[in-house]
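Scroll down for the structure; my scribbles are underneath it.
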Amino acid sequence: MLEDLEYRGLVYQVTDREGLQKKLESERVVLYCGFDPTADSLHIGSLLPILCLKRFQLAGHHSIALVGGGTGLIGDPSGRSTERSLNTADTVAQWTSSLQRQLSRFLDFELADNPAKLVSNYDWLAPLDAISFLRDVGKNFTVNYMLAKDSVDSRLANGISFTEFSYMILQAYDFHKLHQEHNCSLQLGGSDQWGNITAGLDLIGKMGGGDAFGITMPLVTKSDGKKFGKSESGAIWLDRSKTSAYQFYQFWINTDDQDVVKFLKYFTFLTREQIAELEKEVQERPEKRVAQRELAREVTRIVHGQEAVESAENITQALFSGEVTKLNEEELVEALQDMPTTVLEDQPETGIIDLLVAVKAAPSRRQAKQDIESGAVYVNGERVSGIDSTIGPDQRLHGKYAVLRRGKKNYYLVKFQ
């Protein structure tokens with residue numbers, strides 16, 4: 001298990017590698033990773049630890065996904081230069097439920113012999129009273145110890161509230177609680193969680209002892225220096241209503257040649273042999289983008305299912321060929337949701353020149369005429385033949401849409417209502 005994680009580049013830091021290796025070889029290990037509800041959906045930055053939990057479950061170990069219903073009310077200072085905005089208890093509770101539903105798509109909580117577990121740390125943090133927490137837990141941490149952690153030290157120049165300063169102790173208590181109640185001996189986290197994870201190991205040692213280990217995964221970076229998980233339209237979410245399956249698929253298919261093999265190792269369950277073949281394709285036939293298509297298919301299937309893969313590929317082919325009439329209504333809207341959209345009042349006929357100006361595909365009627373005469377304008381995939389052409393109800397897709405294209409890539413969606 002550990003060797004496979006290292007092959008995939010998923011181990012950034014590990015405590016007592018030799019001891020963890022022996023434990024993984026000799027028994028089924030209980031492990032966990034935490035996800036704080038800072039929004040109503042996780043994004044692809046969270047996909048790496050989610051899939052690591054899944055890898056452990058598939059290998060026969062016991063995975064626990066912890067949603068921070070309690071710590072989400074506090075705010076993790078790790079990796080941030082400023083304080084987080086505190087959300088209301090109701091908002092955090094709603095987001096906790098959303099994340100729990102989302103995680104159930106990746107981990108099997110009903111597997112007969114090895115079900116994953118889903119917990120919220122609100123269940124044990126909320127009942128704590130301040131005096132007991134300070135006496136029984138807080139006494140195990142010196143201020144000097146906490147100040148030395150990167151998550152705190154990096155914030156000292158700009159200031160850190162006592163609230164976020166205490167976050168480390170709360171996460172350490174999570175590890176202790178899971179170790180105590182579920183025999184959990186391994187915590188996974190991003191590289192920015194190293195200080196919190198080692199604090200948990202120290203607390204376990206002081207409050208009863210027992211084997212415990214930590215693994216951090218690398219920060220995912222792109223070769224061009226741009227932040228991973230962002231597109232021109234914003235973050236790439238795991239919720240299909242926030243990032244469509246087509247947008248999700250396109251994000252992966254646009255992966256740079258220098259990143260694609262790394263991402264195949266990170267985000268897919270392909271074998272070493274399969275990845276080696278795809279790496280060969282990148283080296284010998286990069287223009288074919290075989291590895292990118294396989295990456296897009298695999299990750300979209302994992303997150304959204306096989307039907308989403310087929311739909312995304314159908315949309316991609318339709319836009320490439322201009323045959324948008326083959327798309328169903330949902331696919332049409334999904335394909336063009338990032339394109340300029342204009343809503344027009346329903347009317348019997350609309351002149352193509354007026355339409356080009358209305359959707360701002362042309363800055364003037366004169367330019368619109370020139371574009372039509374040069375053969376650069378298409379409606380629903382068909383080239384417009386003359387400047388007097390009109391669009392009537394019988395030409396609308398699904399009774400209410402028209403897709404305009406000027407040139408090869410400039411799409412405009414018109415909705416009549």
Side-chain angles (χ1 to χ4, degrees), residues 1-24 29-36 38 42-57 59 61-68 71-72 75-81 103 106-107 121 141 145-155 164 167-179 184-205 211-222 227-229 259 262-263 265-267:
M1 185 69 220
L2 199 52
E3 185 193 355
D4 183 63
L5 292 179
E6 289 173 335
Y7 156 74
R8 293 178 180 276
L10 294 173
V11 178
Y12 182 72
Q13 294 162 299
V14 58
T15 63
D16 186 9
R17 188 198 183 285
E18 185 177 342
L20 178 58
Q21 177 73 31
K22 289 180 181 178
K23 192 172 182 68
L24 289 168
V29 170
V30 182
L31 67 145
Y32 95 97
C33 185
F35 306 89
D36 273 351
T38 56
L42 296 167
H43 49 73
I44 58 172
S46 304
L47 195 54
L48 204 64
I50 293 172
L51 296 183
C52 271
L53 283 178
K54 187 175 180 68
R55 292 182 200 281
F56 273 96
Q57 185 181 25
H61 300 288
H62 303 299
S63 294
I64 299 176
L66 180 150
V67 179
T71 45
D76 184 358
S78 304
R80 291 181 61 90
S81 59
L103 287 164
F106 300 96
L107 300 169
N121 59 16
F141 294 88
Y145 172 89
M146 297 175 70
L147 289 174
K149 298 292 185 180
D150 286 342
S151 60
V152 174
D153 182 59
S154 62
R155 289 282 298 278
E164 289 199 3
Y167 184 94
M168 181 193 307
I169 302 178
L170 294 176
Q171 185 170 324
Y173 186 71
D174 287 344
F175 199 176
H176 160 70
K177 196 73 174 178
L178 292 174
H179 184 269
C184 178
S185 58
L186 174 61
Q187 182 181 171
L188 304 180
S191 58
D192 61 344
Q193 294 298 309
W194 181 251
N196 293 332
I197 291 173
T198 52
L201 297 175
D202 291 339
L203 183 62
I204 288 170
D211 287 344
F213 307 87
I215 293 177
T216 62
M217 289 156 281
L219 176 68
V220 184
T221 56
K222 294 168 69 175
K227 189 172 182 179
F228 174 79
D259 293 322
K262 178 173 71 172
F263 291 174
K265 291 177 180 179
Y266 279 5
F267 296 105

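Here the shortest heavy-atom pairing between Val14 and Val11 reads CB-CG1, 4.2 Å. The two residues Tyr12 and Ser191 come nearest to each other via the heavy atoms CD2-CB, 3.6 Å. When every heavy atom of Phe35 is checked against every heavy atom of Pro49, the shortest pair comes out as CE2-CG, 3.9 Å. In terms of heavy atoms, Met168 sits closest to Gly195 at CG-O, 4.5 Å. Tyr167 approaches Pro77 most closely through the heavy-atom pair CB-CD, 3.7 Å.
For the side-chain contact (heavy atoms from CB on, under 4.5 Å) with Ser63, the qualifying choice from Val29, Leu31, Leu188 is Leu31, the only one to do so. Screening Leu186, Leu53, Val30, Leu24 for a side-chain contact (heavy atoms from CB on, under 4.5 Å) involving His61 leaves a single residue, Leu24.
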Requested in this report: Take Asn121 and Thr71 through the test side chain to side chain donor-acceptor pair (under 3.5 Å) and record every step on the way to the result.
Outcome: CA-CA 7 Å; Asn121 59 16; Thr71 45; 2.9 Å; yes
**Report entry** Trace of the side chain to side chain donor-acceptor pair (under 3.5 Å) decision for Gln193 with Asp76
**Finding:** CA-CA 10 Å; Gln193 294 298 309; Asp76 184 358; 2.9 Å; yes
Query raised in the report: Stepwise, does the side chain to side chain contact (heavy atoms under 4.5 Å, CB included) test hold for Asp192 with Leu219?
Result: CA-CA 8 Å; Asp192 61 344; Leu219 176 68; over 6 Å; no
Query raised in the report: Going through the checks in order, is the side chain to side chain donor-acceptor pair (under 3.5 Å) test met by Ser78 and Lys149?
Result: CA-CA 10 Å; Ser78 304; Lys149 298 292 185 180; over 6 Å; no
Query raised in the report: Where do Ile215 and Leu2 land on the side chain to side chain contact (heavy atoms under 4.5 Å, CB included) test, with the steps shown first?
Result: CA-CA 10 Å; Ile215 293 177; Leu2 199 52; 4.0 Å; yes
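From Asp16, atom CG reaches atom NZ of Lys23 across 11.0 Å, with rounding to the nearest 0.5 Å. Between Asp211 atom CG and Lys22 atom NZ the span is 11.0 Å, to the nearest 0.5 Å. From Leu42, atom CG reaches atom CG of Leu103 across 5.5 Å, with rounding to the nearest 0.5 Å. Note that CG of Leu51 and CG of Leu107 are 9.0 Å apart. Values are rounded to the nearest 0.5 Å. For the atom pair CD (Gln21) and CD (Glu6), the distance works out to 7.5 Å, reported to the nearest 0.5 Å.
Between Arg55 and Met1 there is a side-chain heavy-atom pair separated by less than 4.5 Å. Between Ile169 and Met146, the closest side-chain pair of non-hydrogen atoms falls below 4.5 Å.
Using modelled atom types, one side-chain atom of Lys262 and one backbone atom of Thr221 make a donor-acceptor pair closer than 3.5 Å. Under a 3.5 Å cut-off, the side chain of His62 and the backbone N or O of Phe56 do not form any donor-acceptor pair. Between the side chain of Thr216 and the backbone N or O of Gln13 there is at least one donor-acceptor pair closer than 3.5 Å. In this structure, the side chain of Asp36 does not engage the main chain of Thr38 through any donor-acceptor pair within 3.5 Å. For Arg8 (side chain) and Tyr266 (main-chain N/O), no donor-acceptor pair under 3.5 Å exists by modelled atom type.
In this structure, Phe141 and Tyr145 have tilted ring planes: the angle between them lies in the 30° to 60° band. A perpendicular orientation is assigned to the rings of His179 and Phe175, their planes being inclined by more than 60° (bins at 30° and 60°).
Residues Phe267 and Phe228 bring their aromatic ring centres within 6.0 Å.
Residue Asp150 places its CG atom among 12 or fewer non-hydrogen atoms of other residues, nucleotides or ligands, all under 6.0 Å distant.
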